[in-house]
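The structure appears right after this line, and notes come after that.
Here the structure is a predicted model, which means the values were calculated and not measured.
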Amino acid sequence: MNEQQTHSGGQPVQDVYTLRKIKRRRRMIRRVLLFVVLSAFILVLYANRELWIPKLEKIGQSQQFVQQSDGALPGNRFPLSIYGGASYQTGSIDDRLLILSDTYLYLYKTDGSLDDARQHAYGSAMLQTAGDYALVYESGSARFRLETKSKTIYEKNSSNNIVFGRVSQDGMVALVTTSDTSSCTLVVYNVDGKAVYQRNCINQLSEVTFDTENGGCYAVSIRTKNGVLQSVVNSYDFQSEQPRWTSTPLDMLCISVYNTKDGGVFVLGDVGCAYLDVGGAVRSTYMYPDSLVCGDFSDDTAAILLRNEEKRTNTVALLKNDNAEPVMMDFDSTVKDVAVDGDTVTVQTRTAIEVCDHNGQPVATATTKNSERFDRFDHFLPMESYIFLMGYDTIERIETP
């Protein structure tokens, strides 16, 4: 009888081969199980990519374009530092501060924490805000989108390239586009993105605003007479092809047009401004004694910032819709920006934020020992109980004085 072949250790060779096969099989089973688990994990990640990829992009982009402060005080992550001093635009909807970069629309809470980041691929992105809505469009192209603080309502392409766009407080969008058959085309979309009005215009439009009382809109066309630029305000009804009324020509280039409480409009121009009544007749005009820097209008009060470089004077003219003489406020320091908010007028100088009433009487002042603090910022945005200061590479927040 043959003896069973053994190793030097005395273990049968057949048993050794069997143990090796068992070990190899176990290793293979472990690898297969690990592959199955990894595959299942990857499939779960892929199936839920819409949830986690935007969050990763948000973190990466917010760190790259906007750097939040750790916050010296609880509930305050300001200042926000803009990466590399990149160009940006700001606005506000509801209780969110909007920052538009060349790739993203960022929504920040008033404490400076990032609420959302929405990517766009617009080459020359522009931002307009009103009420709870924001319009983002690509100047010189056809793409545009309507945003709220919670989501993107829609994104569409217009038939022609966009010259400029405006948005209303109830989410209507007005686009002025190029045209092959006229100077330009005015197209109005409702909150669902459906085109509800279109008009081919003989003269180029410089500004559009919505008629908050009667529906429709005001569109300002420009023309030249004897080498002088003139603006003509047209009141349009979205249910009619004929304008409600057309104003007489104003010897100014319209920059902005606003609704007044009595159903008329206020026209802010480059060399003057005017109040028009409910029928489009001129109630009053004011021609600037100095160069216009900027202006704002609210609650029937206009604040016009004027500057004389030769005399080195800075003046804010307050005009009310009552044909009275403007209230003139002179400042020793350079004035950078002005805004009308409710029953107050806020003025930003190089050294302070000053708040006055509509009669020009001082109400409050915010100053700091470091005079450079306000000098770093070019303009501001009031929102809720805060004032947001916008600089080249920094956004700061202070409480309203």
Side-chain angles (χ1 to χ4, degrees), residues 54 58 62 66 75 77-78 80 88-101 104-120 122 125-138 143-156 158 162 164-176 187-197 207-218 238 256-261 265 296-300 339-344 346 379-388 390 395 397 400:
K58 181 193 304 184
S62 64
V66 183
R77 301 196 68 181
F78 286 92
L80 302 178
Y88 67 96
Q89 301 170 53
T90 58
S92 65
I93 56 175
D94 202 352
D95 55 352
R96 295 293 186 270
L97 171 66
L98 273 58
I99 303 176
L100 180 69
S101 75
Y104 272 78
L105 175 67
Y106 302 94
L107 291 85
Y108 283 87
K109 297 179 181 179
T110 54
D111 65 358
S113 60
L114 180 63
D115 184 54
D116 200 0
R118 303 171 193 172
Q119 190 173 18
H120 68 80
Y122 297 173
M126 304 297 292
L127 174 67
Q128 291 286 319
T129 61
D132 296 337
Y133 295 91
L135 168 67
V136 179
Y137 65 92
E138 185 173 16
R143 295 181 293 178
F144 68 100
R145 56 203 279 185
L146 183 66
E147 307 276 359
T148 65
K149 73 174 183 179
S150 58
K151 63 180 180 180
T152 300
I153 302 296
Y154 65 79
E155 184 168 15
K156 295 176 67 70
S158 62
I162 301 170
F164 67 87
R166 298 292 182 262
V167 63
S168 74
Q169 294 188 356
D170 54 1
M172 298 192 73
V173 170
L175 298 180
V176 174
V187 187
V188 179
Y189 300 83
N190 64 15
V191 71
D192 298 318
K194 179 182 178 181
V196 296
Y197 182 77
E207 180 62 309
V208 174
T209 193
F210 289 90
D211 185 346
T212 57
E213 293 295 327
N214 307 304
C217 69
Y218 302 108
F238 296 152
S256 299
V257 60
Y258 304 87
N259 289 262
T260 59
K261 290 181 179 179
V265 296
D296 194 26
F297 182 90
S298 180
D299 292 328
D300 281 357
V340 183
D341 186 24
D343 58 356
T344 60
T346 304
H379 62 280
F380 67 92
L381 176 67
M383 185 172 63
E384 293 189 338
S385 59
Y386 301 106
I387 292 175
F388 296 89
M390 314 299 175
I395 298 177
R397 187 198 77 177
T400 302

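Side-chain atoms of D192 do not come within 3.5 Å of backbone N or O of K194 as any donor-acceptor pair. Under the 3.5 Å distance criterion, the side-chain polar atoms of D94 are left unmatched by any main-chain donor or acceptor of R96. In this structure, T400 contributes its side chain and S385 its backbone to a donor-acceptor pair below 3.5 Å. Q89 places a side-chain N or O within donor-acceptor distance of the main-chain N or O of A125, the cut-off being under 3.5 Å.
For the pair R118/L107, a side-chain contact is recorded, criterion being any heavy-atom separation below 4.5 Å from C-beta on. Side-chain contact between Y122 and R143 is present, with heavy atoms from C-beta onward closer than 4.5 Å. Considering only heavy atoms from C-beta on, T90 comes within 4.5 Å of H379 through its side chain. At least one side-chain heavy atom of V196 sits under 4.5 Å from a side-chain heavy atom of M172. Using a 4.5 Å cut-off on side-chain heavy atoms (C-beta onward), V188 and V208 make no contact.
Taken to the nearest 0.5 Å, the OG1 atom of T110 stands 6.0 Å off from the CE atom of M383. We find the OG1-OH distance between T209 and Y218 to be 9.0 Å, quoted to the nearest 0.5 Å. Between I93 atom CD1 and L135 atom CG the span is 11.5 Å, to the nearest 0.5 Å. Between the CG atom in L105 and the CZ atom in R145 there is a gap of 7.0 Å [rounded to 0.5 Å]. Interatomic distance, C217 SG to N259 CG, rounded to the nearest 0.5 Å: 10.5 Å. Note that OG1 of T346 and CD1 of I387 are 5.0 Å apart. Values are rounded to the nearest 0.5 Å.
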Side chain to side chain contact (heavy atoms under 4.5 Å, CB included) between Y104 and I99, intermediate numbers included: CA-CA 8 Å; Y104 272 78; I99 303 176; over 6 Å; no
Checking H120 against L100 for the side chain to side chain contact (heavy atoms under 4.5 Å, CB included) test, could you report, in this order, the C-alpha distance in whole Å, the side-chain angles of both residues, the deciding distance, and whether it holds? CA-CA 10 Å; H120 68 80; L100 180 69; 3.6 Å; yes
Would D170 and V191 count as a side chain to side chain contact (heavy atoms under 4.5 Å, CB included) if you check the C-alpha gap in whole Å, the side-chain angles of each, and the deciding distance to 0.1 Å? CA-CA 7 Å; D170 54 1; V191 71; over 6 Å; no
Apply salt bridge (Lys or Arg N to Asp or Glu O under 4.0 Å) to K149 and D115, showing your working. CA-CA 9 Å; K149 73 174 183 179; D115 184 54; over 6 Å; no
Between Y106 and Y88, does the ring pair (Phe, Tyr, Trp, His ring centres under 6.0 Å) criterion hold? Intermediate values first, please. CA-CA 11 Å; Y106 302 94; Y88 67 96; over 10 Å; no
Verdict with reasoning, L381 to S92, per side chain to side chain contact (heavy atoms under 4.5 Å, CB included): CA-CA 8 Å; L381 176 67; S92 65; 4.0 Å; yes
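Below 30°, between 30° and 60°, or above 60°: for F388 and F78 the angle between ring planes is between 30° and 60°, a tilted geometry. Below 30°, between 30° and 60°, or above 60°: for F210 and F238 the angle between ring planes is above 60°, a perpendicular geometry.
For the side chain to side chain contact (heavy atoms under 4.5 Å, CB included) with Y258, the lone residue among V265, T212, D296 that qualifies is D296. When Y197, Y137, F144 are each tested for a ring-ring contact (aromatic ring centres under 6.0 Å, His included) with Y189, only one passes: F144.
Between L175 and G165, the shortest heavy-atom distance links the atoms CD2-CA, 3.9 Å. Taking all atoms of both residues into account, the shortest heavy-atom contact from D341 to P382 is OD2-CB, 3.9 Å. Nearest heavy-atom pair, L98 versus A134, reported as atom, atom and distance to 0.1 Å: CD2-CB, 3.5 Å. Across every non-hydrogen atom of G112 and L80, the tightest pair is O-CD2, 3.8 Å.
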